[in-house]
Amino acid sequence: MPSNLDLELVSLTKRYGSALAVDAISYHFASGTYACLLGPSGCGKSSTLRMVAGHESVTGGSVLLGGRDISFLPPAKRGTAMMFQNYALFPHLSVTENVAFSLKMKGVDAATRASRAGEMLELVDMSAFAARLPAQLSGGQQQRVALARALITKPDILLLDEPLSALDPFLRIRMRAELKRLQRELGITFLHVTHGQDEALALADEIVVMNNAKIEQAGPTRSVFEAPKTAFVARFLGSHNVISLPGGPIAVRSDAMKINAPAGAKMEGQITNIEYQGTHVALTAAIAGNQEVTALLPDQEFFGAPKELGEAVGLDWDPQAAHALTA
Ligand code: ADP
Ligand code: MG
């Protein structure tokens with residue numbers, strides 16, 4: 001894999017008038033990484049992606065690809081390709097014509113266009129639909145065509161902005177496995193924007209959590225999940241309790257929370273909700289200071305000693321399961 005295709009954001013900044021949408025973010029993405037930009041709506045994810053793509057001007061800082069400053073190059077000269085949320089397929093063009101469109105713009109001859117489009121459709125398993133119009137395809141099929149169209153330019157980096165959000169939940173999970181497979185097969189960097197933490201956890205080698213125009217925490221996905229540094233990251237990733245204690249806030253994973261007798265437990269709580277989730281039961285308990293915590297218990301454990309709403313319980317966790325948080 002060519003390691004000279006690393007993507008580097010250096011103090012990258014975007015202002016719209018006086019509004020700061022991206023505030024001097026810096027990050028190094030190694031070539032061949034599946035990376036997710038994760039954060040709530042409005043935190044600056046799309047602006048960041050569009051500056052990498054060249055669809056939005058850079059207010060400050062730079063975008064480097066393989067050490068080359070691409071900040072001011074037109075989109076087609078950057079080695080990037082973008083797949084949009086709404087796919088943006090041309091309704092009057094066939095699947096093949098949609099996929100081959102950028103080659104036609106470049107003046108590539110018809111025979112080469114047809115053969116390259118054919119290869120791309122094979123890659124996304126859409127060869128059988130080559131002659132159809134976009135309106136004759138399901139959402140998932142349209143998405144495959146959009147992928148093929150983005151990949152036909154042989155980009156060094158594929159940029160994806162909320163690529164799965166138009167799909168129903170079942171298809172979303174199937175398509176995310178497809179994205180991961182494609183990224184592995186092609187070996188290029190995928191930079192994928194999402195506000196869904198499970199999507200990011202499922203896909204990303206590297207996760208970049210954004211909040212208020214800044215990077216809140218970034219790194220290998222599992223290390224971020226295992227050790228969130230701020231209350232925001234712990235809450236946004238989910239599956240964590242953020243507990244305010246006199247010594248400062250801590251995060252404890254829901255699956256590390258234990259339910260015991262109240263006497264001798266770290267904390268006492270009163271059960272406010274019991275939710276059956278199939279393999280697990282989620283118990284929510286009110287604790288001191290107007291706080292709530294959730295314990296995720298394996299179903300066997302819960303049904304071995306069921307609890308009632310309103311019951312007083314003790315809450316415990318192993319010391320190594322607690323992480324100190326900043327604010
Ligand atoms: P995200 O993709 O994380 O939801 P965006 O990058 O789209 O966030 O937006 C970041 C901030 O910039 C938001 O406050 C948004 O309203 C603002 N913004 C985005 N695009 C524009 C624009 N073209 N003009 C003015 N403000 C914009
Ligand atoms: Mg967005």
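Counting starts at 1 for both ligands and their atoms, following the listed order. Note that the structure is predicted; figures quoted are calculated from it, not measured.
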Which atoms of ligand 1 sit under 4.0 Å from any heavy atom of [X]?
{"X": "R50", "value": "20 (N)"}
{"X": "S47", "value": "5 (P), 6 (O), 9 (O)"}
{"X": "P40", "value": "3 (O)"}
{"X": "S46", "value": "1 (P), 2 (O), 6 (O), 7 (O)"}
{"X": "A21", "value": "10 (C), 11 (C), 12 (O)"}

Starting from atom 24 (N) of ligand 1, find the nearest protein heavy-atom neighbour and note its residue, name and distance.
Y16 CD2, 3.4 Å
Atom 8 (O) of ligand 1: the protein heavy-atom neighbour that sits closest, reported with distance to 0.1 Å
G44 N, 3.2 Å
Report yes if the distance between the aromatic ring centroids of F302 and H280 is under 6.0 Å, otherwise no.
no
Donor-acceptor under 3.5 Å ([X] side chain, [Y] main chain):
{"X": "S254", "Y": "L296", "answer": "no"}
{"X": "K45", "Y": "P40", "answer": "yes"}
{"X": "Q136", "Y": "F129", "answer": "no"}

Have a look at ligand 1 and work out which part of K14, if any, has a heavy atom under 4.0 Å from it: side chain, backbone, both or neither.
neither
Answer with yes or no whether G42 contacts ligand 1, where contact means a heavy atom under 4.0 Å from a ligand atom.
yes
Heavy-atom contact check, 4.0 Å cutoff: does A19 meet ligand 1?
no
Looking at L160, T80, L191, which hits side-chain contact (heavy atoms from CB on, under 4.5 Å) with L49?
L191
Within-cutoff protein neighbour (heavy atom, under 4.0 Å) for atom 16 (O) of ligand 1
no
Do you see a protein non-hydrogen atom under 4.0 Å from atom 11 (C) of ligand 1?
yes
Note: S26 and I215 closest approach over all heavy atoms is O-CD1, 3.7 Å
Tightest non-hydrogen contact, residues Y16 and S47, listed as OH-OG, 2.7 Å
Answer with yes or no whether the hydrophobic clustering places V293 together with L245; edges join I, L, V, M, F, W, Y residues whose side-chain heavy atoms lie under 4.5 Å apart.
yes
Would T189 and D156 count as a side-chain contact (heavy atoms from CB on, under 4.5 Å) here? Give the steps.
CA-CA 7 Å; T189 304; D156 302 317; over 6 Å; no
Check: K45 N/O within less than 3.5 Å of ligand 1 N/O:
yes
Is S46 close enough to the Mg ion (ligand 2) that one of its N, O or S atoms comes in under 2.8 Å?
yes
